[in-house]
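Proteins come first, then strands; the chains are lettered A, B, ... in the order of their sequence lines, and each starts at number 1. Only heavy atoms go into these numbers, but all of them, side chains included; no hydrogens, no water, no symmetry mates.
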2 protein chains.
Amino acid sequence: MGTGQLATLIMQGFAGPVYPVHPSEEKVLGLTAYKSIADVPEVPDLVVMVLPTRIVPGLLADCGEVGVRAAIVVSGGFREVGGAGFDLERELVDVCRKYDITMIGPNCIGVSNFNIGLNTTYFPYEQEPGGLTVISQSGTYSCHIYGHTKRTGIRLSHTVSVGNSAVVDLSDCLEHFAADESTRSIALYIEGIPDGEKFMRAARIAVERKPVVALYVGGTGAGARAGMSHTGALAGDDAIYDGMLRQLGIRRADSIEDLLDWTWAQSTQPRAPGKRLAVLTNAGGPAASMADTANRLGLEVPVLSEGLQAKLREFLPPTAATVNPVDITFLLNFESLYEGIPRTLLGSDEVDGIVMYGVFGSLLFNTIQKALGDRISYRVEDMIPIYTRLLAQFSKFPAEYGKPVLVSSFWGRDDDALAFLADNGIPVYPSPERAVKAFAALT
Amino acid sequence: MGTGQLATLIMQGFAGPVYPVHPSEEKVLGLTAYKSIADVPEVPDLVVMVLPTRIVPGLLADCGEVGVRAAIVVSGGFREVGGAGFDLERELVDVCRKYDITMIGPNCIGVSNFNIGLNTTYFPYEQEPGGLTVISQSGTYSCHIYGHTKRTGIRLSHTVSVGNSAVVDLSDCLEHFAADESTRSIALYIEGIPDGEKFMRAARIAVERKPVVALYVGGTGAGARAGMSHTGALAGDDAIYDGMLRQLGIRRADSIEDLLDWTWAQSTQPRAPGKRLAVLTNAGGPAASMADTANRLGLEVPVLSEGLQAKLREFLPPTAATVNPVDITFLLNFESLYEGIPRTLLGSDEVDGIVMYGVFGSLLFNTIQKALGDRISYRVEDMIPIYTRLLAQFSKFPAEYGKPVLVSSFWGRDDDALAFLADNGIPVYPSPERAVKAFAALT
């Protein structure tokens with residue numbers, strides 16, 4: 001596992017020097033290896049330890065001796081296994097105290113900071129850095145999610161797997177990332193918080209500065225049992241956590257998808273000034289789903305004024321619906337769709353943002369062109385620069401109008417227009433309802 | 001739009017003769033076109049009409065005159081626009097009565113039967129046929145979902161967009177597909193059901209034979225308004241629909257994703273004999289999420305007996321958890337993971353099925369191999385046949401043990417092992433919680 005994590009670190013393009021330490025190998029992954037921490041030519045800023053459990057405390061003390069002040073301990077076999085594991089973890093904490101070492105773990109995957117290409121997990125993150133930071137009591141949710149972010153286009157700032165939290169815990173991380181400039185929203189995965197007061201102090205600081213969403217899984221019998229054997233987390237009554245999160249202004253997600261969906265919107269979009277949603281669509285089913293979901297979540301889908309509807313009709317065919325949902329039907333006028341209509345909606349004082357279904361780039365048109373060849377009156381190659389220019393402008397509307405714009409589609413990044421939007425700060429959700437749920441998280 | 005739909009029909013590989021009818025073109029998409037239905041050399045089994053609204057009734061009568069008995073009317077502008085649209089739709093129904101024409105629509109996208117390559121929508125379905133049939137009051141949800149099914153691996157049998165339901169309605173389709181051999185589960189998208197008694201009669205027949213799930217979006221003010229302008233659907237009180245569906249034994253989905261997730265499981269998996277779930281995982285976070293979600297949905301995650309845990313430990317490293325969730329941790333023994341452990345769980349009388357996280361095929365190992373080159377002791381090429389053989393066997397366990405097996409992963413079809421499972425009848429969900437929700441739909 002350590003070799004895999006080192007491989008990720010190299011692949012992720014971390015620019016600083018990396019020194020493998022290994023008792024017998026001369027080289028590890030092409031890098032010169034050192035027999036012990038004392039042999040390393042400089043004092044590293046961070047040590048990552050992937051070692052048999054019983055030798056970890058001693059070797060961490062060796063690190064402390066040479067002046068190391070930060071460590072990630074990946075090795076498991078401490079508190080989470082009970083018995084002698086408790087004693088070993090106490091020993092580890094004593095070493096940290098003695099040498100003033102800030103330690104993440106043990107029993108964690110590590111830390112990623114994509115702004116500097118640091119990734120100590122064993123999965124590469126193959127995207128640009130973004131504004132969403134994940135603080136997690138699960139290592140999986142700090143790195144397996146790179147599969148999810150790649151497929152959706154969510155961009156991450158940092159991920160931290162806190163593991164057993166023997167020294168640094170979730171609350172410390174929350175307070176840290178409250179002050180981190182690159183972090184625009186924070187996602188928490190919680191199995192159990194032993195020190196509630198500390199968490200509340202950190203959370204109050206964080207929510208003042210940026211949106212925080214939490215997924216808490218310890219509130220059922222099976223969830224608590226799973227957390228206990230996982231990171232030794234002590235879970236608590238679901239209603240207590242629910243009330244605490246609500247009082248703190250931390251929105252609670254029911255699933256990892258919701259957690260990442262909502263913080264994606266929060267890391268890219270302005271807060272919605274109110275609860276009035278414009279539903280913009282070229283498809284009736286998604287329009288009805290989005291409208292229905294909005295109402296169920298307490299959002300309004302206001303009937304638009306006659307004046308505003310008249311303005312919208314200038315851009316629309318007579319079969320279109322303008323009342324809200326605004327259903328443009330089968331309209332291929334990109335200027336209307338990506339400029340005229342959204343500007344008219346966002347510029348009015350009748351709605352607080354847009355949730356949209358119906359962006360189609362070259363995927364659909366290529367299919368048509370492939371089938372129809374010369375028989376169609378356009379070439380996809382000619383269309384791409386037109387809609388791309390309009391989408392570039394469209395993706396700036398949230399900042400320009402101070403109102404969020406979210407998109408949904410069943411195609412996602414398979415389509416170039418949708419990938420373009422996601423890469424330019426407009427979240428694209430894989431279903432209509434998820435876009436609306438994410439909008440609710442912006443209110 | 002008609003040309004696009006014809007293109008899809010050709011691309012989908014429909015084997016029967018197709019006759020374009022066009023007043024002026026000699027050829028359409030390379031096929032000889034006919035000036036009128038009377039000129040077509042034989043009486044077609046089905047006519048698809050994409051025409052200006054006002055000429056539809058007259059041309060449908062022409063079809064009736066030559067002996068056509070089935071029609072799909074795609075054109076909109078009928079009941080859903082109100083006013084004169086009502087009269088035109090009544091005229092259309094009179095034509096159908098006079099000539100005994102079974103008509104789908106108007107204001108619909110059409111019908112797909114993937115068993116015979118029939119697809120009259122304007123999106124190609126690029127997969128093998130499967131067991132899930134979608135009956136929808138939204139055209140979008142009858143064909144845009146091909147983007148969703150392609151990305152997930154859900155396989156469809158039929159999709160029907162009923163449109164305004166002037167002659168054939170959702171209830172007729174439900175009764176029809178109750179008797180259809182290739183349909184193993186049915187997904188309904190409902191905006192409003194005018195004839196409740198007819199629906200209940202059809203539903204009682206259907207649920208006797210196969211699972212049915214419904215998404216109803218008309219139960220809120222905005223949802224009802226959207227449905228009205230979409231297909232002229234008359235929505236009703238949410239609680240009435242909720243109670244009706246519950247009484248009929250039709251599970252109600254909250255979103256299009258749930259609707260397709262659940263019916264995917266139902267179209268490929270046996271019903272669960274009970275509510276006791278084994279959570280099998282190599283990752284603690286998903287284990288806790290799955291266990292917690294299971295309890296919230298009323299599923300049990302039973303503590304396994306000492307005897308069963310002892311049997312499981314034979315396949316597992318000492319750090320693994322066997323209590324349930326069964327967390328294998330970092331284990332790369334494919335025989336244990338895909339054969340020994342699942343057989344031990346499914347063969348016991350302590351659980352009614354498995355939800356699993358932690359299938360990794362060549363995607364991860366290729367990444368490692370690419371990074372580590374000769375320094376690793378295995379070659380991915382050598383591993384693929386081993387795990388593929390085991391997965392082929394694994395995918396037969398549900399039938400062998402009469403218990404469902406569902407998988408979740410953040411990578412989905414990007415990974416060959418996960419694509420293999422989905423293509424061999426094991427649903428692979430994009431998040432842990434969705435797999436558990438789908439399991440609940442099998443109880």
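- In terms of non-hydrogen atom pairs under 4.5 Å with chain B, the most contact-rich of A:Leu6, A:Leu363, A:Asp238 is A:Asp238.
- When only modelled atom types and interatomic distance are considered, B:Ser289 and A:Tyr141 share a side-chain donor-acceptor pair under 3.5 Å.
- By number of non-hydrogen pairs under 4.5 angstrom with chain A, the leading residue of B:Pro124, B:Pro432, B:Gly147 is B:Gly147.
- Both the backbone and the side chain of B:Val303 come within contact range of chain A, judged by heavy atoms closer than 4.5 Å.
- Interatomic distance, CD of A:Glu433 versus CG of B:Leu259, reported as 9.5 Å (0.5 Å rounding).
- Residue A:Leu215 holds its CG atom at 7.5 Å from CG of B:Asp292, rounded to the nearest 0.5 Å.
- For a residue to count as touching a neighbouring chain, one of its non-hydrogen atoms must lie under 4.5 Å from one of that chain's; by this rule B:Ser136 does not touch chain A.
- Taking chain B as the reference chain and counting heavy-atom pairs below 4.5 Å, the highest number among A:Glu300, A:His148, A:Met290, A:His144 is found for A:His144.
- Expressed to the nearest 0.5 Å, how far OG of A:Ser408 lies from CD1 of B:Ile256 amounts to 11.5 Å.
- Both the backbone and the side chain of A:Val301 come within contact range of chain B, judged by heavy atoms closer than 4.5 Å.
- For B:Ile10, no part lies near chain A; criterion is any non-hydrogen pair under 4.5 Å.
- Shortest non-hydrogen contact noted between B:Gly285 and A:Ser138 is CA-OG, 3.3 Å.
- Residues forming a side chain to side chain donor-acceptor pair (under 3.5 Å) with A:Thr121 (at least two apart in sequence, or on another chain): A:Asn119.
- Interface residue B:Pro286: backbone and side-chain heavy atoms are both found under 4.5 Å from chain A.
- Remark: B:Phe123 CZ to A:Leu364 CG distance equals 4.5 Å, nearest 0.5 Å.
- Contact of the B:Pro430 side chain with the A:Glu257 side chain is registered, since non-hydrogen atoms from C-beta on lie closer than 4.5 Å.
- B:Ala288 approaches A:Val217 most closely through the heavy-atom pair CB-CG2, 3.6 Å.
- In plain terms, the two heavy atoms of B:Ala291 and A:Ala226 that are nearest each other are CB-CB, 4.3 Å.
- Only the backbone of A:Ser409 comes within contact range of chain B, judged by heavy atoms closer than 4.5 Å.
- Residue B:Pro318: no heavy atom, backbone or side chain, is found under 4.5 Å from chain A.
- Qualifying salt bridge (Lys or Arg N to Asp or Glu O under 4.0 Å) partners for A:Glu126, counting only residues two or more places apart in sequence or in other chains: A:Lys150.
- Scanning all heavy atoms of the two residues, the minimum distance from B:Ala283 to A:Thr140 falls at CB-OG1, 2.8 Å.
- The main-chain N or O of A:Asp254 is never found under 3.5 Å from a side-chain atom of B:Arg296 such that the two would form a donor-acceptor pair.
- Proximity of a side-chain donor or acceptor of B:Arg225 to a complementary backbone N or O of A:Asn324 within less than 3.5 Å is detected.
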